[in-house]
Amino acid sequence: MSSLFLKIIVSVPVIVAATLLAPLLGVLLMILRYITSNSKKDRRGSISIIIIGLLLLIPRWLFLLSEGLHFDMAVNAFLKNIVNNEFYMNNVTTCGFTLIVLGIVSLIVSILFNNLLTRFKNMLSGAIERNEVKHAEIEKENNFRVKEMEYKAQHSHVVTCPKCGANNTIVGDTGVCGYCRQSLSSK
Ligand SMILES: [Zn+2]
């Protein structure tokens, strides 16, 4: 399917026309629009679909209003004519309601999706940050160990114990014989 053709069949006017013919077709096209949309937060599309749905129901609102407020008989009769028209009654009304529901659902889905996406991104960046901190800590610890080992290597001496004659490796100038606890000095 070419992308232009796809773009046309999931455009708002085509969705409205499809819903007018068969509400289910409109629902399917709306789902297709959501799946193929690059930007999942299609707020403008959802809102225009809700508005079109509301507009289609205007004669109905007006008729209810005119009945309630006892408008001029001629106006009332004119509106009644439109509202009671079979096509308006069967197709336009259903289409209007379907569009409103579709628009609201897709709006909610886009908001939820957006929230989930943001949360997922935050989670991911948090994990990366924690990992970096951990790496830095490990590196610091390793550096410390290397320095400690270097220090020991540079400052260790083999000293023969004057008391028991054992060879001891001591770090620094003084130490204790590992065999007889005799104090040792490298000097
Ligand atoms: Zn000793």
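One-based numbering, in listed order, for ligands and for the atoms of each. One-based numbering along the sequence shown.
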### Query
Atom SG of Cys161 and atom CZ of Arg181: how far apart are they, to the nearest 0.5 Å?
11.0 Å
### Query
Under a 4.5 Å cut-off applied to non-hydrogen side-chain atoms, are Arg33 and Val12 in contact?
yes
### Query
Mind checking whether Leu184 and Pro162 have side chains closer than 4.5 Å, heavy atoms only?
yes
### Query
Which protein N, O or S atoms lie under 2.8 Å from the Zn ion (ligand 1), given by chain and residue number?
Cys161 SG, Cys164 SG, Cys177 SG, Cys180 SG
### Task
For residues Ile111 and Arg43, determine if any side-chain heavy atom of one lies less than 4.5 Å from a side-chain heavy atom of the other.
yes
### Query
Is there side-chain contact between Ile49 and Ser106, with at least one heavy-atom pair below 4.5 Å?
no
### Query
Does Leu32 share a hydrophobic cluster with Leu25, counting links as ILVMFWY side-chain heavy atoms below 4.5 Å and allowing steps through other members?
no
